[in-house]
2 protein chains.
Amino acid sequence: MTDEQFPRPIVTVDIVLLTLSDERLCVALLPRATEPFQTFAGLIGGYIHADEDQDAEDAVRRILKQKTGLDGIFFEQLRSFASAKRDPRGWSVSIAYFALVPKPVLEAAAHTLELRPVTEPGSLPFDHGEILAAAVNRLRGKGAYSTLPARLLPDIFTMSELQSIYETVIGERLDQSAFRRKISDLNLLEEVEGEKRQTERARRPTTLYRLKDPISVFNRRI
Amino acid sequence: MTDEQFPRPIVTVDIVLLTLSDERLCVALLPRATEPFQTFAGLIGGYIHADEDQDAEDAVRRILKQKTGLDGIFFEQLRSFASAKRDPRGWSVSIAYFALVPKPVLEAAAHTLELRPVTEPGSLPFDHGEILAAAVNRLRGKGAYSTLPARLLPDIFTMSELQSIYETVIGERLDQSAFRRKISDLNLLEEVEGEKRQTERARRPTTLYRLKDPISVFNRRI
DNA sequence: AAAATAGTGTCTATGAGACAGTATCGC
DNA sequence: GCGATACTGTCTCATAGACACTATTTT
């Protein structure tokens with residue numbers, strides 16, 4: 001830690017904003033305002049503002065607010081991508097985050113975001129393709145062992161909706177009976193009393209639930 | 001991504017080097033050569049050298065080699081720690097890694113490393129205490145679902161040694177029969193034929209094994 | 001009654017923990 | 001034989017998946 005003669009790399013924060021659209025996991029992209037890759041759609045990102053951001057999470061919140069209008073949504077650090085070649089401007093570090101947002105919340109707040117299925121994101125600037133892949137991987141992996149996927153739903157949801165989210169996140173069909181049993185064993189949800197509702201084509205009204213804790217991690221698979 | 005007028009933060013790489021000493025998980029620390037916190041023992045770290053390091057992993061390899069003499073050991077990115085206050089010199093980013101090394105390898109190569117049990121690391125400079133805690137957490141968590149703990153053993157080891165490593169990493173006793181059954185079901189090891197050996201106080205010679213793949217992740221607990 | 005979704009019960013296979021039992025060595 | 005470690009077999013219980021069954025609503 002002696003040699004401060006070395007030039008400092010560029011440091012940015014990049015956010016993989018994920019949501020569910022038509023039963024598919026999608027990433028929200030933003031047309032880039034400046035060079036390099038101007039006008040190309042890329043991950044939501046920006047520089048750290050040393051004067052106003054106390055830490056990287058502050059920068060994430062600020063950038064999300066400024067560039068998408070979103071506020072108070074779930075996000076978590078993924079990892080950093082650091083190399084000489086990832087940015088044409090020179091040696092750079094991207095501290096990557098992924099964020100989860102329910103589609104209705106995204107639609108209410110969003111400026112001009114472009115949604116693309118994570119399976120066919122098209123061509124992305126920098127190493128954003130790699131960052132996206134890492135985020136999806138993390139969500140799929142951690143999704144089976146936590147309540148992460150529920151962050152893609154509104155606060156209040158039905159058991160079927162929850163199961164459906166888990167199915168698209170994990171990428172496999174789940175048995176209804178086993179799913180309900182596990183969820184109830186894990187004691188993650190609380191019933192929203194009196195609030196029954198009928199889903200679109202449903203006949204029988206459904207019990208509604210909400211999460212007890214923001215994020216729970218358990219040690220068996222859903 | 002427009003405002004390049006903002007000052008660039010300091011970027012360093014910090015490595016939590018873990019090994020097993022007397023059945024305890026220990027972190028290897030290095031007395032700091034320069035201010036701040038000169039002479040205090042801290043994590044192994046350094047600046048990125050934009051000219052010689054192509055990416056952060058290159059920097060990790062170079063720093064490990066220079067500061068400890070170690071080469072070719074296992075390491076993996078943890079996450080980054082970035083804030084205005086973590087370093088008295090100003091806004092800084094530490095890309096944190098953790099590395100695992102067998103004790104004999106560490107002893108053969110090491111310069112003047114200080115080993116401290118991760119449970120009582122003493123006072124550490126910067127936020128190195130927090131980084132250490134995150135590394136231990138990751139190892140404990142991922143350890144139960146992967147062959148990570150085997151990186152704390154030499155290439156060739158006995159089943160008992162492997163079980164013992166898992167026990168200290170996970171922090172609980174494991175049933176011998178179940179352990180062997182699971183390891184063999186997962187098909188992770190290959191027998192080192194003809195090579196039998198007697199452990200210190202053992203009577204009956206033991207079969208020796210090596211890992212088939214560097215790191216495997218499975219989806220049930222060991 | 002039929003259609004459609006909500007929710008429950010049960011059977012079976014598999015994997016885990018507990019623990020006893022057998023094997024092979026040095027002394 | 002005894003002590004010590006290496007290794008195997010078996011019993012029982014918990015959990016998972018499969019799938020059939022019941023429940024409640026609208027049309």
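Protein chains get the first letters and strands the later ones, always in sequence-line order, with residue 1 at the start of each. The figures that follow rest on heavy atoms only: side chains count, while hydrogens, waters and symmetry mates do not. What you are looking at is a predicted structure, and each value in this text was computed from that prediction instead of being measured.
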*Asks:* Return the polar atom pairs (N/O with N/O) between nucleotides 20-24 of chain D and the protein under 3.5 Å, or none.
*Replies:*
unit_1, atom_1, unit_2, atom_2, d
D:dA23, N3, A:Arg204, NH1, 2.7
D:dT24, O4', A:Arg204, NE, 3.4

*Asks:* Rounded to the Å, how far apart are A:Phe218 CZ and D:dA14 P?
*Replies:* 21 Å
*Asks:* Given C:dG17, D:dA6, D:dT15, which nucleotide is nearest the side-chain atoms of B:Thr206?
*Replies:*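 Closest of the options to the side chain of B:Thr206: D:dA6.
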*Asks:* Would you call B:Asp58 and B:Arg61 a salt bridge, using N to O less than 4.0 angstrom?
*Replies:* yes
*Asks:* Quick test of your reading of the model: are A:Arg173 and A:Glu167 salt-bridged, counting only N-O distances below 4.0 Å?
*Replies:* yes
*Asks:* Quick check on B:Phe40: does its CZ atom have over 12 non-hydrogen neighbours (other residues, nucleotides or ligands) under 6.0 Å away?
*Replies:*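 No, because the 6.0 Å sphere around CZ of B:Phe40 holds 12 heavy atoms or fewer from other groups.
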*Asks:* Can you measure B:Arg221 atom CZ to C:dG15 atom P for me and round it to whole angstrom units?
*Replies:* 17 Å
*Asks:* Taking for each residue the nucleotide of DNA chain C bearing the nearest heavy atom, is the 5' side occupied by B:Leu174 or by A:Ala178?
*Replies:*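 The residue mapped nearer the 5' terminus is A:Ala178.
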*Asks:* Would you kindly give the CG-to-P distance between B:Asp185 and C:dG17, to the nearest whole Å?
*Replies:* 12 Å
*Asks:* A:Thr207 side chain N/O closer than 4.0 Å to the phosphate oxygens (OP1, OP2) of C:dG7?
*Replies:* yes
*Asks:* For the pair made of CZ in A:Arg181 and P in D:dA16, what is the distance, rounded to whole Å?
*Replies:* 7 Å
*Asks:* Go through C:dT10, C:dT8, D:dT8 for me and flag the one nearest to the B:Arg180 side chain.
*Replies:* D:dT8
*Asks:* Salt-bridged, B:Arg79 to A:Glu76, with N to O below 4.0 Å?
*Replies:*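 No.
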*Asks:* Find the distance A:Asp175:CG to C:dT12:P and express it as a whole number of Å.
*Replies:* 17 Å
*Asks:* Does A:Lys65 come within less than 4.0 Å of A:Asp71, counting only side-chain N to carboxylate O?
*Replies:* yes
*Asks:* Rounded to the nearest angstrom, tell me the gap between atom CE in B:Met159 and atom P in C:dT24.
*Replies:*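 So the CE-P distance, B:Met159 to C:dT24, works out to 18 Å.
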*Asks:* Taking only residues two or more places apart in sequence, or in another chain, which ones meet A:Phe98 in a ring-ring contact (aromatic ring centres under 6.0 Å, His included)?
*Replies:*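 Per chain and number, A:Phe98 pairs via ring-ring contact (aromatic ring centres under 6.0 Å, His included) with no residue.
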*Asks:* To the nearest angstrom, how far is B:Gln163 atom CD from D:dT8 atom C1'?
*Replies:* 14 Å
*Asks:* Could you list the residues that satisfy salt bridge (charged side-chain N to carboxylate O under 4.0 Å, His left out) with B:Glu57, not counting sequence neighbours?
*Replies:* none
*Asks:* Measure from CD1 on B:Ile183 to C1' on D:dA6 and round the result to the nearest Å.
*Replies:* 16 Å
